[in-house]
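First the structure, in the form of structure tokens, and then the observations on it.
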Amino acid sequence: MKQQIAQLLESALQTLKEQEVIPADIAPSIQVENTRDKAHGDFATNLAMMLAKPAKTNPRALAQQLCDALPESNVIDKTEIAGPGFINFFVNDSAIYSVIGDVLEAGHEFGRQRVDTANRVQVEFVSANPTGPLHVGHGRGAAYGATVADLLQAAGVNVEREYYVNDAGRQMNILAVSVWLRYLENQGATLVFPANGYQGEYIKDIAADLASRCGDSLVRTIDEVFADIPADEPAGGDKELHIDALIERAQTLLVDDYMQVFNAGLESILADIREDLGEFGVEYQCWFSERSLTSSGDVDQALERLQQSGHLYEKEGNLWFRSTDYGDDKDRVVRRANGQTTYFASDIAYHMNKFERGFDKVINVWGADHHGYITRVKAAISALGYDPERLVVKLVQFAILYRGGERVQMSTRSGSFVTLRELRDEVGNDACRFFYVTRKADQHMDFDLDLAKSESKDNPVYYIQYAHARVCSVLRKLESEGMSWDEAAGLAALERLDTEAERDLVTALGKYPETLQNSAHNFEPHVLANYLRDLASDFHTYYNGHKVLIDDAQLRNARITLSVAVRQVLANGLQLLGVSAPEQM
RNA sequence: GCGCCCGUAGCUCAAUUGGAUAGAGCACUCGCCUUCUAAGCGAGCGGUUGCAGGUUCGAACCCUGCCGGGCGCGCCA
């Protein structure tokens with residue numbers, strides 16, 4: 001519809017150019033927008049205001065000339081000039097109402113675009129370190145990333161979802177030591193658990209599991225383990241030195257068996273994360289291992305490429321990347337004097353790998369606390385010769401939980417953080433998914449647990465689902481009353497839907513496809529969430545004032561047809577948000 | 001100190017990316033069940049968009065400077 005109007009305007013523009021009202025050499029981008037207020041018609045353009053200056057006339061006069069030059073159209077009822085020079089378009093009802101037939105014909109495909117396989121986009125999200133269960137902060141990234149990916153797919157993008165598994169590095173070694181020490185306890189040893197170790201109960205479960213698989217083959221005496229280890233923090237020492245020494249000791253004592261312990265921790269936690277996300281409706285096409293970047297040679301290759309192009313230099317034995325060439329605050333070390341590559345080096349290799357895999361665009365969903373990394377990663381991408389615009393980083397702020405009006409305190413240290421699983425158990429997957437994406441991602445959000453759990457109109461999830469269930473209910477009632485619905489008759493009688501509420505509802509349906517597109521391409525799921533709430537509201541208003549199951553068969557068929565179309569759009573939208581559309585509540 | 005993000009109704013948030021009179025929900029006040037689910041609907045109340053300038057036909061949005069809040073500034077991950 002917008003395109004049709006834009007074409008009419010284009011034609012009018014040409015006419016005025018020929019009449020030399022408007023200079024021939026300007027080519028404005030014609031903007032047709034939805035009106036905010038229906039008193040302004042259905043669509044509006046600001047064209048006259050944009051052209052008034054070059055045409056050396058006032059906007060309203062030019063608007064009139066544009067209107068006069070508009071070709072005849074069977075879609076437009078009338079145009080009006082309003083405000084400072086807007087041209088408002090009033091579309092005739094049959095054009096507006098045709099969307100109902102479109103919805104019913106397309107069904108669950110309505111609003112979706114066919115996937116263009118040439119346009120490959122990767123969405124990487126969550127990517128939490130596999131050192132413990134996901135918490136509510138990861139949950140928001142999961143809901144956001146999954147929804148963005150689904151939206152893009154619906155918008156016709158060939159999407160691949162990926163989880164970057166940080167299965168290398170010091171944190172993972174700390175996890176391995178934590179598991180091993182709990183295993184030793186499980187095998188009867190008494191020891192003081194390191195302050196910097198992973199304290200959670202889940203470590204004990206992994207240790208017990210390890211014990212049942214390996215028996216006592218991994219047992220070493222406490223004297224061996226702790227001999228000459230520097231004191232831990234509670235004993236007046238340094239917790240970092242303490243844990244690092246324990247890591248080294250574990251590797252020395254266990255030799256090849258160390259990796260068995262290491263992998264026991266990694267695999268168990270990864271399996272848990274995978275299951276957790278699966279239950280949350282989040283699936284990945286690829287779980288990408290950080291370790292694989294080293295074994296495949298990608299890290300070496302990436303550094304080699306940077307070396308070749310002159311972006312690396314050595315200083316004090318360390319190898320540095322000159323990221324300051326690309327606006328970074330300081331240069332960054334990629335390989336330490338001891339030969340170890342840094343985490344950043346892995347990140348460089350990882351992004352090189354992504355582009356080498358042929359993705360046109362790469363979207364990273366990061367916690368907002370990682371924003372400092374954007375500059376250096378983009379710098380590396382540029383230095384490797386890729387267009388940094390092909391990487392889009394979306395930052396997700398943390399959600400603050402409230403229960404009973406009180407902020408739920410969370411801290412990793414005390415182990416009192418709330419896991420995603422606990423949250424899902426408490427409020428349900430539907431409310432979780434919806435609440436997480438109902439606010440802009442880069443905005444702090446307050447997550448009201450009581451509201452998410454409440455089964456009332458205050459809860460937007462229930463509110464939308466209820467609208468869907470209501471239509472289902474009407475259809476059930478229809479059947480039990482022995483009445484029937486004739487879709488063709490309904491479509492033929494749409495002109496009977498002549499009340500204001502009905503026209504509003506149909507207009508809302510017509511906005512679904514573009515809402516979906518905007519929501520997808522701007523990576524803003526909240527736009528769709530808000531739309532669905534508004535659509536549900538329009539339907540509730542309609543439902544309250546219009547009885548559907550009436551004796552007038554023609555009007556009844558038309559109203560059912562409209563209701564079913566609304567149900568379809570609600571279902572389509574909810575599905576994209578990962579929320580169920582119940583038939584009964 | 002430097003860098004990034006944010007500041008909108010009493011509260012939680014929108015605002016089609018520069019458009020018309022800044023909108024919803026909650027809270028508060030008042031109405032609506034003999035009707036397909038009241039898990040619903042309607043009406044009212046509520047604003048100097050943190051402050052001050054600037055850019056233009058037009059600013060919550062763009063620019064500058066303040067004020068206030070968050071985060072980041074390791075060879076950690």
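Predicted model only: the values in this text are computed from it and were never measured. Each chain gets a letter, A, B and so on, in the order its sequence line appears, and its residues count up from 1.
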Counting only side-chain N and O atoms of [X], is one of them less than 4.0 Å from OP1 or OP2 of [N]?
{"X": "Arg470(A)", "N": "A38(B)", "result": "yes"}
{"X": "Tyr463(A)", "N": "C41(B)", "result": "yes"}
{"X": "Gln443(A)", "N": "U12(B)", "result": "no"}
{"X": "Lys440(A)", "N": "A15(B)", "result": "yes"}

C33(B) glycosidic torsion: syn (within 90° of 0) vs anti: syn
Which glycosidic conformation, syn or anti, is assigned to U17(B) if syn requires a torsion within 90° of zero?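 Syn for U17(B); the angle stays within 90° of 0.
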Per [X] side chain, nearest of listed nucleotides [options]:
{"X": "Met50(A)", "options": "C41(B), C75(B), G19(B)", "result": "G19(B)"}
{"X": "Arg439(A)", "options": "U12(B), A77(B), C41(B)", "result": "U12(B)"}
{"X": "Met49(A)", "options": "G19(B), C13(B), A15(B)", "result": "G19(B)"}
{"X": "Asn34(A)", "options": "C76(B), C13(B), U16(B)", "result": "U16(B)"}

Just the table, please: protein N/O against nucleotides 68-71 of chain B N/O, every pair under 3.5 Å.
residue: C71(B); atom: O2; partner: His371(A); partner atom: NE2; Å: 2.9

Looking for any heavy atom pair under 4.0 Å, which part of the strands does [X] touch: base, sugar-phosphate only, or nothing?
{"X": "His546(A)", "value": "base"}
{"X": "Ala168(A)", "value": "sugar-phosphate"}
{"X": "Arg170(A)", "value": "sugar-phosphate"}
{"X": "Asn459(A)", "value": "nothing"}
{"X": "Lys330(A)", "value": "sugar-phosphate"}
{"X": "Met172(A)", "value": "nothing"}
{"X": "Gln584(A)", "value": "base"}
{"X": "Asp446(A)", "value": "sugar-phosphate"}
{"X": "Asn518(A)", "value": "sugar-phosphate"}
{"X": "Thr541(A)", "value": "sugar-phosphate"}
{"X": "Gln517(A)", "value": "nothing"}

Distance check, [atom1] atoms only: [N] and [M], in whole angstrom units.
{"N": "G74(B)", "M": "G10(B)", "atom1": "C1'", "answer": "44 Å"}
{"N": "U49(B)", "M": "C61(B)", "atom1": "P", "answer": "10 Å"}
{"N": "G68(B)", "M": "C26(B)", "atom1": "P", "answer": "36 Å"}

Is a donor-acceptor pair below 3.5 Å formed from side chain Tyr373(A) to base A77(B), judging by atom type as modelled? yes
Should the side chain of Asp329(A) and the base of C73(B) be counted as holding a donor-acceptor pair, with the cut-off at 3.5 Å? no
If you round to the nearest 0.5 Å, how far is OG of Ser454(A) from OH of Tyr462(A)?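 So the gap between those two atoms works out to 8.0 Å.
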Can you measure from CD1 (Ile30(A)) to CG (Leu9(A)) and round to the nearest 0.5 angstrom?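 Here the interatomic distance stands at 5.5 Å.
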Can you confirm whether Asn173(A) sits close enough to Ile243(A) that some side-chain heavy atom of one is under 4.5 Å from a side-chain heavy atom of the other? no
Can you find a pair of side-chain heavy atoms, one from Gln171(A) and one from Tyr198(A), that are under 4.5 Å apart?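 The answer is yes; the side chains approach within 4.5 Å.
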For Ala493(A) and Gln554(A), which heavy atoms make the closest approach, and how far apart are they?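 Minimum heavy-atom separation between Ala493(A) and Gln554(A): CB-CG, 3.4 Å.
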Find out whether the Lys NZ or Arg CZ of Lys78(A) is both under 6.0 angstrom from the six-membered ring centre of Phe90(A) and within 45° of the ring's axis. yes
Please write out the pairs of protein N or O atoms and N or O atoms of nucleotides 20-23 of chain B separated by less than 3.5 Å, giving the distance to one decimal.
residue: A20(B); atom: OP2; partner: Arg36(A); partner atom: NE; Å: 3.0
residue: A20(B); atom: N6; partner: Asn88(A); partner atom: OD1; Å: 2.6
residue: A20(B); atom: N1; partner: Asn88(A); partner atom: OD1; Å: 3.0
residue: A20(B); atom: N1; partner: Asn88(A); partner atom: ND2; Å: 3.2

Would you mind telling me which residue lines up with the more 5' stretch of RNA chain B, Arg533(A) or Asn129(A), judged by nearest nucleotide?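 Whichever sits nearer the 5' end wins; that is Arg533(A).
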Between Tyr543(A) and Gly372(A), which residue's closest nucleotide on RNA chain B lies nearer the 5′ terminus?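 The residue whose closest nucleotide sits nearer the 5' end is Tyr543(A).
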Parallel, tilted or perpendicular: rings of Trp320(A) and Tyr313(A) (30°, 60°):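 Because their plane-to-plane angle is under 30°, the rings of Tyr313(A) and Trp320(A) count as parallel.
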